[in-house]
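Every heavy atom of this structure was used, including side-chain atoms; hydrogens, water molecules and symmetry mates were not. Only a predicted model underlies this, so the values are computations on that prediction, with no experimental measurement involved.
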Amino acid sequence: MRNRNYLLISFFVVLLATLYLPATAFAQGLGDGGTGEALGVLEETFKSLGILAIKFMYTLSFIIVLVGGVKNGFAINLAQQIGVAGMASRHTWNFIMGIVMFVLFLATLPILNLVINNVSHLVPTNIEITTPSW
């Protein structure tokens, strides 16, 4: 009950701030007074976020392959210890296919990076962001 009250109070504070503090924001810089400076920053920010997402995907795929390799290594060792040849063969192929998928995944990430670099210049040069005044 108490958490619900905090949630409702927070919701109404945000709602009141949105309704009673309308403002107009223009996407332009304050440096030399030229328009489009903020859009350049916005373009670089999106480009940086895209590159960060690609680096995160690299890291995540490496961790997945590492965990899968260790799991399959233990499974292969266990299968050899208990004498189940089919299980060892299956886990060996599973390990090899995991490496192949990892290499194919890594081959697609530079293409994504190229697309991000080529598409990021399509951000329009003058955007007017207006908060509605009720």
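The shortest distance between side-chain heavy atoms of Thr108 and Leu104 does not fall below 4.5 Å. Looking at heavy atoms from C-beta onward, Leu78 lies in side-chain contact with Met87 at the 4.5 angstrom threshold.
From Asn77, atom CG reaches atom NE2 of His91 across 12.0 Å, with rounding to the nearest 0.5 Å. For the atom pair Leu60 CG and Ile63 CD1, the distance stands at 6.5 Å (nearest 0.5 Å). The CG atom of Leu66 lies 9.5 Å from the CZ atom of Phe102; values are rounded to the nearest 0.5 Å. Within the model, atoms CG of Asn94 and NZ of Lys71 stand 5.5 Å from one another, a figure rounded to the nearest 0.5 Å. Interatomic distance, Leu52 CG to Thr45 OG1, rounded to the nearest 0.5 Å: 12.0 Å.
Of all heavy-atom pairs between Ser61 and Leu106, the closest is OG-CD2, 4.3 Å. Nearest heavy-atom pair, Ala79 versus Ala88, reported as atom, atom and distance to 0.1 Å: CB-N, 3.5 Å.
Remark: side-chain polar atoms of Ser89 are not paired, donor with acceptor, to backbone N or O of Gly86 under 3.5 angstrom.
Heavy atoms from other residues, nucleotides or ligands lying under 6.0 Å from CE of Met57 number 12 at most. Within a 6.0 Å radius of OH in Tyr58, more than 12 heavy atoms belonging to other residues, nucleotides or ligands are found.
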